[in-house]
2 protein chains.
Amino acid sequence: MNPAVADLARDRSRLGRSSTAERVADILRDRISEGFFRPGQRLSEESISEALGVSRNTLREAFRLLGHERLLDHRLNRGVFVRLPSAEDVADLYRVRRVLEGAAVRRTPTPRQLAVIKEAVLDAERAAALDDWQGVGTANIRFHQAIATLNGSPRLDEAVRQLLAELRLVFHVMENPRAFHEPFVERNRALLALIESGRPDEAATYLDDYLDHAEHLLIRAYEPNP
Amino acid sequence: MNPAVADLARDRSRLGRSSTAERVADILRDRISEGFFRPGQRLSEESISEALGVSRNTLREAFRLLGHERLLDHRLNRGVFVRLPSAEDVADLYRVRRVLEGAAVRRTPTPRQLAVIKEAVLDAERAAALDDWQGVGTANIRFHQAIATLNGSPRLDEAVRQLLAELRLVFHVMENPRAFHEPFVERNRALLALIESGRPDEAATYLDDYLDHAEHLLIRAYEPNP
DNA sequence: ACTTGTCGAATTGTTGAACGATCCTTACGT
DNA sequence: ACGTAAGGATCGTTCAACAATTCGACAAGT
């Protein structure tokens, strides 16, 4: 086969994925992620389908997709709600993070992977300097996503992407984002240094402590405000 | 709260999840899992909706669910197909298994968890004695699912459940199930012994070799039969 | 023989309306 | 305070219709 044509094979994935339902799901996912739809809020089929100019059936297909990603909670005969994770959910999310990210930091990164991680650290530091704590949170998520890619597994990348999207729901119910995000800006850099210097065991130990700290902060933020 | 009433909480999950679309998804999932629908086969909306007595819209919601579980492949304007995993998919599935099951075997099991694992080992041995290699495959999957529960995370349990369901698709394209399943009956027992005796590092090492072996067998089975 | 253009059947993508089922609220009666 | 009944709103599901797309076949051109 023609080598120039074979190069096109990479773009093939862009062809198939663009049904209306999936595009609607993309829109809703973004809205949830940015906090436009708040956790716990109900999403009316009628009003949203009307607002987006799609039929209820198509919207329901989109809802199914997001429900499977744990961003929406589908309650029979009551409608879909933006998911509001419980304290037990938070604990489980961190259980998964310890496994997935813990395995990731034990791998030796390629220079390209390392560059992506470093860029995320820098973004967080820049946002912190501007007191943009929402931006710090976003950069933080990119940081951990970049770490997850060290596993070299598309499925694990996708799992981490969903997991962090779910975790972002938790951030939206917190009243004080600065208190939560601030301590981790410098921890990100420290973790990067351990990964970069090729000490996987120390990196893993540091990550465990990192995640413990983050989880305790979140859980504590849940108790005064159930 | 009444302790007898609290016991009912476990059945609560059965209440909500019973829309027609989800029940249809359950049926199709079982059919795919048992090989009634072969990998690569196209599932017609019209004929299946008619056969099950549900509308096309409802069936499409079910298709979305299974597509998200990677059991169906949804190609725009061409319909849904039972997923046919590629060799690269197999490699990635085993990448994930090494991470998730590797983390699991390093945990100390409760007596109850150990009992479930042991039961799966026995089931595989019983099926092997009867030359029921399909049954061995099923017991094998239960064995690894039971191992995954050692992580103590509902999300990881679900991830492993989906992962093994996807792997079962691979089994269905193999021509010789005995050659693949037979060697692992006694390996299951050996791995159980290592877990039971509280030697997590040895168990993890053994599991790595176990998964390497399984992956190589599968990949090799793919090459003569693309 | 190989590629390209065109046509038509079959299937999916999406819509809009309809109706029963279920839930929530409110009001009522005991 | 508690159980109940009525009403409205919304979801669950179906159905029919049409547009959009794919696919195979066949003709035409090189």
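The chains referred to below are lettered A, B, ... by the order of the sequence lines, with proteins before strands, and numbering in each begins at 1.
The distance between atom CD of A/Glu61 and atom P of D/dC11, rounded to the nearest whole Å, is 17 Å. The interatomic distance linking B/Arg56 (CZ) with C/dG13 (P) rounds to 8 Å, in whole Å. Atom CZ in A/Arg23 sits roughly 11 Å away from atom C1' in C/dT14 (whole-Å rounding). Between B/Leu59 atom CG and C/dT14 atom P the separation is 15 Å, expressed in whole Å. The CG atom of B/Leu76 sits 15 Å away from the C1' atom of D/dC23 (whole-angstrom rounding). The nearest whole Å value for the distance from the CG atom in B/Asn57 to the P atom in C/dC19 is 17 Å. Summarising the geometry, the separation between CG on A/Asp73 and C1' on D/dC11 is reported as 15 Å, rounded to the nearest angstrom. Note: CD (A/Glu50) to P (D/dT10) measures 12 Å, nearest angstrom.
Expressed to the nearest 0.5 Å, how far CD1 of B/Ile117 lies from OG1 of B/Thr149 amounts to 6.0 Å. Expressed to the nearest 0.5 Å, how far CD1 of A/Ile27 lies from CG of A/Leu66 amounts to 11.0 Å. Rounding to the nearest 0.5 Å gives a distance of 14.0 Å between NZ of B/Lys118 and CG of B/Asp123.
The phosphate of D/dT13 (OP1 or OP2) has a side-chain N or O of B/Thr20 nearer than 4.0 angstrom. Phosphate contact (OP1/OP2 of D/dT14, side-chain N/O of B/Thr58, threshold under 4.0 Å): present. The phosphate of D/dC11 has neither OP1 nor OP2 within less than 4.0 Å of any side-chain N or O from A/His74. The side chain of A/Arg60 contributes an N or O atom lying less than 4.0 Å from OP1 or OP2 of D/dG12.
Ring centers of A/Tyr210 and A/His144: under 6.0 Å apart, within the cut-off.
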Quick test: give all pairs of protein nitrogen or oxygen and nucleotides 7-11 of chain C nitrogen or oxygen below 3.5 Å, distance rounded to 0.1 Å.
from	atom 1	to	atom 2	distance (Å)
C/dT11	O3'	B/Arg42	NH2	2.5

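Using modelled atom types, one finds no donor on one side chain facing an acceptor on the other under 3.5 Å when comparing B/Ser49 with B/Arg56. Inspection of the A/Asp89 and A/Ser86 side chains reveals an N or O donor paired with an N or O acceptor under 3.5 Å.
In this structure, A/Arg31 satisfies the cation-pi test against A/Phe36, with its NZ or CZ atom closer than 6.0 Å to the six-membered ring centre and inside 45 degrees of the ring normal.
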